[in-house]
Protein chains: 2
Amino acid sequence: MLSHKAKYALKALLYLAQQEETHISRTIEIAEAASIPKKFLEQILLDLKRGHFVGSKQGKFGGYYLLKSKNDITLADIHRLFDGAIALLPCASLNFYERCSDCVDESECLLRHGLITIREETLKAMQGITIASLVKK
Amino acid sequence: MLSHKAKYALKALLYLAQQEETHISRTIEIAEAASIPKKFLEQILLDLKRGHFVGSKQGKFGGYYLLKSKNDITLADIHRLFDGAIALLPCASLNFYERCSDCVDESECLLRHGLITIREETLKAMQGITIASLVKK
DNA sequence: ATTAATTCTATAAAATTAGTAGGGTTTAAA
DNA sequence: TTTAAACCCTACTAATTTTATAGAATTAAT
């Protein structure tokens with residue numbers, strides 16, 4: 001399941017993607033349009049900025065805008081940024097690999113093999129969903 | 001990600017699947033073989049029993065055994081029993097459907113459509129992984 | 001200077017997770 | 001019929017994560 005943070009991030013990105021290219025959106029504007037608590041959204045937008053998905057303009061008349069193309073922001077990206085690994089266990093993860101503390105011999109683990117299969121399929125599916133594909137409905 | 005409970009459940013089921021058909025496994029035996037805290041495993045086995053995946057024999061020389069065929073226990077089943085919905089949001093779930101409180105009009109939600117696609121693909125993949133397929137390596 | 005916006009850090013309440021504790025109940029063997 | 005060995009059940013707890021909120025600092029345009 002997605003955290004609220006990830007869900008709100010996606011909704012915010014969808015909002016930005018639907019504005020004109022040159023438009024700069026204020027946090028409060030996004031928050032109201034997408035029913036997201038404003039102060040919470042502030043943090044989320046900063047995370048998206050640190051992840052180089054959005055850019056910002058500070059000061060009066062400032063706000064946020066898409067930095068990457070809608071076609072280059074995938075569900076997998078946002079999941080990883082806010083909710084971490086796509087895989088079902090850290091030992092089956094590419095980007096968030098961690099050994100299981102209760103694992104005796106990883107290469108012999110019956111579970112890991114199956115979970116790597118799942119990760120591959122889920123990842124492919126999540127990479128197929130982009131902000132652009134969602135906006136196009 | 002899977003919870004420890006779901007992971008332990010899968011490891012316990014894998015252990016049971018590798019025993020002879022007639023063998024009854026004690027909790028302590030599974031716990032030691034699979035490095036699972038015994039008292040925690042007790043709860044998990046009870047949940048598996050309530051889910052009709054395993055059967056039990058009480059009293060002295062009692063224990064647990066597989067109730068369903070290894071081919072009929074899927075990763076999707078165990079995920080749902082311990083970790084709930086397969087879908088990334090409750091509004092995109094079949095078995096754990098819930099409306100989003102921040103959603104104005106669900107039929108118009110751009111996110112939901114994509115998440116239903118993901119759920120369908122993930123579910124198919126997870127239903128393809130059975131205890132039998134994991135044991136066969 | 002003033003105003004309006006982002007940025008940053010700290011805090012807090014609520015929920016979830018990962019167990020632990022301590023019995024109660026059932027069964028079978030001695 | 002007593003006893004031991006196992007499952008069964010409920011409650012509790014400590015730690016972590018999640019979901020925010022608060023308030024001040026910084027930045028930029030007028």
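Order of the sequence lines sets the chain letters (A, B, ...), proteins ahead of strands, with each chain counted from 1.
Between A/Lys68 and A/Asp77, no side-chain nitrogen of the basic residue sits less than 4.0 Å from a carboxylate oxygen of the acidic one, so the salt-bridge criterion is not met. Using a 4.0 Å cut-off between charged nitrogen and carboxylate oxygen, A/Lys124 and A/Glu121 do not count as a salt-bridge pair.
A straight line from CD1 of A/Ile28 to P of D/dT21 spans 12 Å, rounded to a whole angstrom. Remark: P of D/dA20 and CZ of A/Phe82 are 14 Å apart, rounded to the nearest angstrom. As rounded to whole Å, 15 Å separates atom P of D/dA24 from atom CD of A/Glu42. Residue B/Leu41 contributes atom CG, which lies 9 Å from atom P of D/dC7 at whole-angstrom precision. In this entry the distance linking NZ of B/Lys38 with P of C/dA21 reads 13 Å, nearest Å. The interatomic distance linking B/Phe40 (CZ) with D/dA14 (P) rounds to 17 Å, in whole Å. The interatomic distance linking A/Lys39 (NZ) with D/dA25 (P) rounds to 13 Å, in whole Å.
With values rounded to the nearest 0.5 angstrom, B/Lys7 atom NZ is found 3.5 Å from A/Cys100 atom SG. A/Leu123 CG to A/Asn95 CG: the interatomic distance, rounded to the nearest 0.5 Å, is 8.5 Å. For the atom pair B/Gln18 CD and B/Leu134 CG, the distance stands at 10.0 Å (nearest 0.5 Å).
Within residues 11-25 of chain A, no residue has any heavy atom under 4.0 Å from DNA chain C. At a non-hydrogen distance threshold of 4.0 Å, A/Gln43, A/Leu46, A/Lys49, A/Arg50, A/Ser56, A/Lys57, A/Gln58, A/Gly59, A/Lys60, A/Gly62, A/Gly63, A/Tyr64 from residues 43-70 of chain A come into contact with DNA chain C.
B/Ser133 places no side-chain N or O within 3.5 Å of a backbone atom of B/Ile129 that could act as its donor or acceptor partner. A donor-acceptor contact shorter than 3.5 Å is absent between the side chain of B/Lys5 and the backbone of B/Phe82.
Contact check, B/His4 against C/dT17: no side-chain N or O comes under 4.0 Å of OP1 or OP2. Considering only side-chain N and O atoms, A/Tyr8 lies under 4.0 angstrom from the phosphate OP1 or OP2 of D/dA20. An OP1 or OP2 oxygen of D/dT18 is reached within less than 4.0 angstrom by no side-chain nitrogen or oxygen of A/Ser3.
Checking B/Glu29 against B/Tyr15 by side-chain atom types alone, a donor-acceptor pair falls below 3.5 Å.
Residues B/Tyr65 and B/Leu67 are in side-chain contact: their nearest non-hydrogen atoms beyond the backbone lie under 4.5 Å apart.
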